Structure formats: structure tokens, C-alpha cells
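What follows is one structure encoded as C-alpha cells, with my remarks underneath.
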Number of protein chains: 2
Amino acid sequence: MRKIDVCPTPELLHLYQLEGKIAVVVDVLRATSCMTTAFAHGVAKIIPVALLEECRDLQCQGYIAAAERDAKKAEGFDLDNSPFSYMDSKLAGKTIAVTTTNGTMAITKSRAAEKVIIGSFLNKKAIVEYLRNSPNDVVVVCAGWKGKVNLEDMLFAGSVVCGLKGDFAVEDDSALSALMIYEAAKYNMIKFMAGSSHVRRLHGLGLTKDIEFCLREDVYNVVPILDGEVLIKL
Amino acid sequence: MRKIDVCPTPELLHLYQLEGKIAVVVDVLRATSCMTTAFAHGVAKIIPVALLEECRDLQCQGYIAAAERDAKKAEGFDLDNSPFSYMDSKLAGKTIAVTTTNGTMAITKSRAAEKVIIGSFLNKKAIVEYLRNSPNDVVVVCAGWKGKVNLEDMLFAGSVVCGLKGDFAVEDDSALSALMIYEAAKYNMIKFMAGSSHVRRLHGLGLTKDIEFCLREDVYNVVPILDGEVLIKL
């Protein structure tokens, strides 16, 4: 039987064996929700980079550049980290360079995996279907917040474990914990998430609309996947 | 309002500020349950050490030495890591040197805290009372398993958060996650724990009795506390 594990933060990724597995990178609030939204609206490629400087270099080379730090748009860049900014027909066919506080680093740290795909509630069903039809073991890599565990990514991880539990063995206690959190929250995720640290941070910045959108399930039928250094739509 | 955080594994301890706080170190299965049991049965001091070699040196100096690796007693030592081994009147008044796979390392890594106390379900009520009557913020440090998060320590952390939530602010998502896990499990912890990786490991070694004992709540009214390099009973 295939196995599913959950790595609760990239800070623990060295303890997980990624070789031969599919890594599902998730940063629900908001990096991977933005990426999913971008591909659903016709963006051709996304270049995830860990550092602001790399993103600025790509901007200088002519790419559209999106940069977020501490939940805010970094100065001098073209796009912020709100999914609504990616619902723009002018972005269709374009390549976007992206750096965020947690999400892009989680992607670049997951490159040892056989495949790296991008998950969010917005494309959860597409992700679960893709994993069910692949022969590989799975590690859900939660982006967390500056190395710490966060609730929203564990919640998503739990929803993937829940969706796959008939077909995959749940061996890891983090995966069990994520599943329990999802089971407790699934009937009212917005209410459930109200106490989380990042939700409070985003509410404080007036981003309530973003939170509600990022917790919607199965809005887009896309599976973003890493192809070399670049994300494309499968 | 005082704050309570949960560090889900010592591997993430560098992300938590311990200075001025009380660290509650927990390794439910079984190191901190053994320590609690030992003090309740009259042991005078426990010297927690991270390495087998240090423990062997202390044994050579005449101390009783307990050593566990991978859930089994390490060869050549006096005691294993079962709470039942510490219910022995011959140990009363003695000093024991202890090293375990996860628990003792979590203690030695927590020394930056103002105070380090030892928690387990067996002395949970005593720990909660002690914390409620202390002025400090609290970090529950879960020992985990070889750097990864485990269910039983998160469960205990959640029970402490639950016990203190009127008096302490729960700011950290790990603390919220732990609380949710405890809320889901509290009415039948043994059944709930059946799927956890370490419970399966211990069952495989015939240690079911240990698991059941370690999940019993409020058996002993003791608070073990670190005094320099040595644990004593408060």
C-alpha cells in the first residue's frame, strides 16, 4: 500500500525522505492558493524563488514579479499575494516570478522529490485525484510560518489524508494529527480558523476576503507541477 | 495575560524563546512518565543526560543508570524505560542517571528556560496547578520521536493548554492544534492513541501495560524540576 506522510513545516523536511515520492507543497494563506488561481486564469509559468533579490533579478529580465514579506507586498514589485490579483486576463500566457515568506521556500526545499505539485483548498479535488492515480508515496509539505507549524496548512494536509485514506497508509503521527484537525474543522473551516495566528494577522491587514476565498474547496481543476525550476499547469 | 506555547518537537526549539519562561518537557511514552513515577516512589535525584556515554560514565561513578534506545533497554545498564521499573522501594533516596531516545535530549535542550519542569499525564494536575500559580509564560516542549512530531506528546500538551486556557492566552498555532487533538481524544485516549506510530512500536515490544499506565491522569502529586543539571522533586 502506498504511504502518505505530512511534514508540518519545511524546518523538519530533513527528517523526511522525499526521493521517489510526490511532494504536495501547501501554503493555504496564501501562496499556493494564488498559484492555483493564476494557472486557472491562464498564467503560463510561475518561477518560484526563495529570495527577494532573485525575484528582483527576474523582474529586471522582464518577467512580471510578485513578492510578499510578512503578508504585505514587497516594495517595487508588480503583484502582491492575494488570489484576487491573479484573476486578471492580462496575465494569460505570461510567466510570473514569485517569492513569498514561506511558500516559495517550501517549494525550493522540496526539489528532492520525484514530483512537486502545488496544493490548496481551491484545487484539492484535482490534487487528490492526481495522487490517487499516481504510483508514488506522498509527502504533504506544509509551508508553515517562519519555520513554525500553522493551522491552515495542517488543515489542508488533513483534508488530503482524509481524501486518500482508503488507498494510502497513514503511518506518520503528523499525518494522523492533521487528519484529526481536519475532522474537527471540516464542517465550518472559516469559524474554526478564526483563532489561528495567521488569520488574525490577515484580518488585521483587512484581508478577510482573501481568507474566505482561500478556504473554498474545489474551485479550480488545475494541478500545478514543478518542471525543472519552473511551475507549469499539468 | 500570560501566554502558553507548544513546541511540537525539540527540532523546532530554536524558534521558541525560552528565556524567562517555564518549559514543561514531556515524553509521555515513556521518559517523563518514568521520572514522575520515580519521584513519587522516593527517588531523590535524576540526572538526565543526552548521550549513552555520559550515562555510562555516571554508572561507573556509582550511580544507578537507566538507558533506553529505540524503546529498548540499552545493554549494560541497570534500568529500562518502563514506569513499573521505578515502583521499587530499593530506589528510595537514590540518584539515577537517565538517558532516553528523545526525552532526556528535550530536557537538556530546554535549559535556557527560567525553570524546566517534567510533565506527564500521571502528574498533569500538579503541573497545571504549578503553572497557574507561577507568574511566567509557558512553553510545553514535546520530546517527539527522533525529531518528528508525535501524537502522545501533542495530546499531553493539549491537555495542559486546556487546563490553563482561562488564565493563559493561546497564541501559537501549535498550541491550538494540540488543544484540538486533546479535545478530540479526551474521552478515550487509549482508543484514540491506538493508531499512533509509537504506540504500535510499543505494542510490538509487548509494552501494552506501559501505554495504558502512561495515559492515566493525575496519579501522582509531584512536580519534578531541574535544579542545575539535576532533577529534584519540588
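These numbers were taken from a predicted model, which means no experiment stands behind them. So that the names make sense, note that chain A is the first sequence line, chain B the second, and so on, each numbered from 1.
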Inter-chain contacts: residues 176-193 of chain A against chain B, heavy atoms under 4.5 Å
A/Leu176, A/Ser177, A/Met180, A/Ile181, A/Phe192

Heavy atoms under 4.5 Å from chain B: which residues of residues 158-171 of chain A carry them?
A/Val170, A/Glu171

Which one, A/Val6, A/Thr9, A/Asp172, A/Leu15, leads in non-hydrogen pairs under 4.5 Å with chain B?
A/Leu15

Among residues at least two apart in sequence or on other chains, which ones pass side chain to side chain donor-acceptor pair (under 3.5 Å) with B/Glu11?
A/His14

B/Arg216 atom CZ: more than 12 heavy-atom contacts under 6.0 Å
no

Count the heavy atoms of every other residue, nucleotide or ligand shown that sit under 6.0 Å from CD of B/Glu19, and state whether that count exceeds 12.
yes

Please confirm whether the backbone N or O of A/Val149 pairs with a side-chain atom of B/Asp173, one donor and one acceptor, at under 3.5 Å?
no

Among residues 108-144 of chain B, residues within the sub-4.5 Å heavy-atom range of chain A, in order of number, are none

